[in-house]
Amino acid sequence: MTAPWWRSAVFYQVYPRSFAPSRPAPTGDLAGIEAHLDHLSWLGVDAVWLSPFYPSPQADFGYDVSDYCDVDPAYGDLAAFDKLLGACHERDLRLLVDLVPNHSSDRHPWFVAARSSRDDPKRDWYIWRDGTPDEPPNNWMAAFSPVPAWTWDDATGQWYLHQFLPQQPDLNWDNPEVVEAMHDVMRFWLDRGVDGFRIDVIHGIGKEPGLPDDPPDMARLPHATLNDTARTHELIRGMRALVDSYPGDRLMLGEVYLLSTERVATYYGEGDELHLSFNFPPLYTRWRADRWRAQIADTHRLIDGRGAWATWVLSNHDNVRHRSRYGSENRARAALFLLLGLRGSPVLYAGEELGLEDAVVPPDRVVDPGGRDGCRAPVPWSAAADHGWGVTDPWLPWPPEPERRNVEDLSADTSSILHLYRRLLAARRASPALRLGDFEMLDAGPDVVAWRRTGGAGSGHRIVAVNMGPSPAALELAGTVLVASDGAGEGSPFPGTLGPDRAVLIEPV
Ligand code: GLC
């Protein structure tokens, strides 16, 4: 049986606001993404995940949706979406849209109606509780700031639940009408031809009956990092059955923001829940070989161990970019060998191929209530003052060194990190062992993470070694260097030493 496309795919996340505008503008749009698809084909990724582009008051920059079945005029319209989807498919790129099922915007007509009166037919589409204005119904905390996950609605005299901002009321998935409405949203995009969904905080949609308090020692954490209940699994199985009823291996890639790989693994179900899930503990792991070996071992034991398929991600629109976290371009280059070399599907974040760091955002330019502006800085396309945007002052400041770290300049320099991304993506594409093969950890000393990939339809083996230590490491590995993080010695026999913060892909003899 051939593996479904998403097992060997490399995903690339586009944050529409920050990717590229099609006309001079401070924010990007769908036509701008379409105009730059050749960059993605040249790079060699397989699938694009688009963060939300739906109509939204932008309280959470699109994750507060006020219409699930349209495009915000700032980004274009449905015709522009269809054109983008067609242009992706012409290039053999798959396209995932972001489904935000846990909450809508407070301006969504559903919530506007629900809030209008206790008797409104939509009232029960959200989660309301009685009480008094001075005491929330339980101790759950919202994400982003230390405030309760409840807001008192004065007009109707009840609290409503929001695991995120007050402008993002949680939908009530215990109401079958909500389930049906969200299934309709999924059908809307599947019928248009999307290849699947990245599903926002999917683990949040079911709630423990009775909404019990979080344990007192955890109660300062956002409830969204703790919400983990059997009901959600049932709801995911319903979504999965719907997605599987469509032809073409449509995909559900869920965001399970629970910081335990053991818990994340349960959201794959028995092959009847998520096809793929994000697993964030590795993203929060420092640049230390012992820590990484432990994360990799956990992932293999808990995810591969149940016959499921892992994902690997180091940067996204919610976290400081790994180039900034790890502190050097050498480390960012070496980290790519983890992403593309480990067993699972990698998810790259636009701009990491340029080695972008987070932008420095002065206090008067801060716009995100969650403090995530730095990683959302606009992608620089050229060295010119407008970096290809037609304006010099986009919605967020440029990331550091845009006059050097831009697509035009780095494409002209074959020693750049951008070319390293391209070479390693090509080496992965050419190797069934790297894409689909088995995994075996190698013992390569305390500071080195090294592993072998074998099989994947009879191809040659591959070995990957990443030196996270401060000094050169002697490694007894014999073979040809296919790709080196610093470009040194590619095509030659491995010299037996790997420099600090360096990585290699080797074809063993
Ligand atoms: C997810 C998104 C994040 C958003 C939150 C609420 O974690 O990735 O950007 O703020 O959900 O929708």
Side-chain angles (χ1 to χ4, degrees), residues 11-19 49-68 72 96-108 111 126-127 140-145 147 149 151 160-171 173 182 185 197-207 221-228 232 252-259 263-264 267 274 276-281 283-284 311 313-321 347-351 358 366-377 395-396:
F11 294 85
Y12 182 96
Q13 179 191 0
V14 167
Y15 194 71
R17 222 176 159 73
S18 302
F19 194 66
W49 147 34
L50 278 187
S51 278
F53 49 77
Y54 316 109
S56 164
Q58 309 292 341
D60 189 16
F61 295 100
Y63 286 93
D64 49 323
V65 179
S66 55
D67 182 347
Y68 286 100
D72 194 292
L96 306 185
V97 296
D98 209 315
L99 182 72
V100 189
N102 180 67
H103 45 264
S104 70
S105 159
D106 63 343
R107 311 271 183 85
H108 194 294
F111 190 72
Y126 294 85
I127 300 172
W140 294 4
M141 296 300 280
F144 309 140
S145 59
V147 297
T151 288
Y160 68 85
L161 176 69
H162 52 86
Q163 295 188 71
F164 294 87
L165 297 171
Q167 297 95 321
Q168 294 168 293
D170 275 45
L171 283 154
W173 280 76
M182 205 53 75
V185 170
F197 303 99
R198 178 268 187 185
I199 311 183
D200 194 60
V201 290
I202 183 68
H203 65 294
I205 62 176
K207 309 292 185 300
L221 295 173
H223 177 73
T225 64
L226 305 169
N227 196 82
D228 184 20
T232 303
M252 285 169 49
L253 160 58
E255 185 203 25
V256 178
Y257 200 97
L258 296 170
L259 297 180
R263 296 311 308 154
V264 166
Y267 286 79
L274 299 175
L276 292 176
S277 175
F278 283 113
N279 178 42
F280 293 122
L283 186 152
Y284 294 114
T311 60
V313 61
L314 289 175
S315 287
N316 61 26
H317 66 295
D318 289 330
N319 291 284
V320 172
R321 285 179 178 275
V347 186
L348 309 179
Y349 177 47
D358 272 29
V366 168
V367 288
D368 175 43
R372 300 161 294 182
D373 292 323
C375 62
R376 299 173 177 180
W395 76 291
L396 284 171

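Residue numbers start at 1 and run along the sequence shown. Whatever order the structure lists ligands and atoms in, that order sets their numbers, starting from 1.
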Of all residues at least two apart in sequence or in a different chain, which pass the salt bridge (Lys or Arg N to Asp or Glu O under 4.0 Å) check with Asp368? Arg372, Arg376
With sequence neighbours excluded, what pairs up with Arg263 under the salt bridge (Lys or Arg N to Asp or Glu O under 4.0 Å) test? Asp228
Give the residues near ligand 1 by chain and number, with the criterion being a heavy-atom distance under 4.0 Å. Asp60, Tyr63, His103, Phe144, Phe164, Gln168, Arg198, Asp200, Val201, Glu255, His317, Asp318, Arg372, Arg376
Can you tell me how the ring of Trp49 sits relative to the ring of Phe278, calling it parallel under 30°, perpendicular over 60° and tilted otherwise? tilted
For Tyr68 and Ser104, which I'm curious about, is there any donor-acceptor pair between the side chains at under 3.5 Å? no
Is the gap between the ring centers of Phe61 and Tyr15 under 6.0 Å? no
With sequence neighbours left out, what residues match Ser56 under side-chain hydrogen bond (donor to acceptor under 3.5 Å, both in side chains)? Asp64
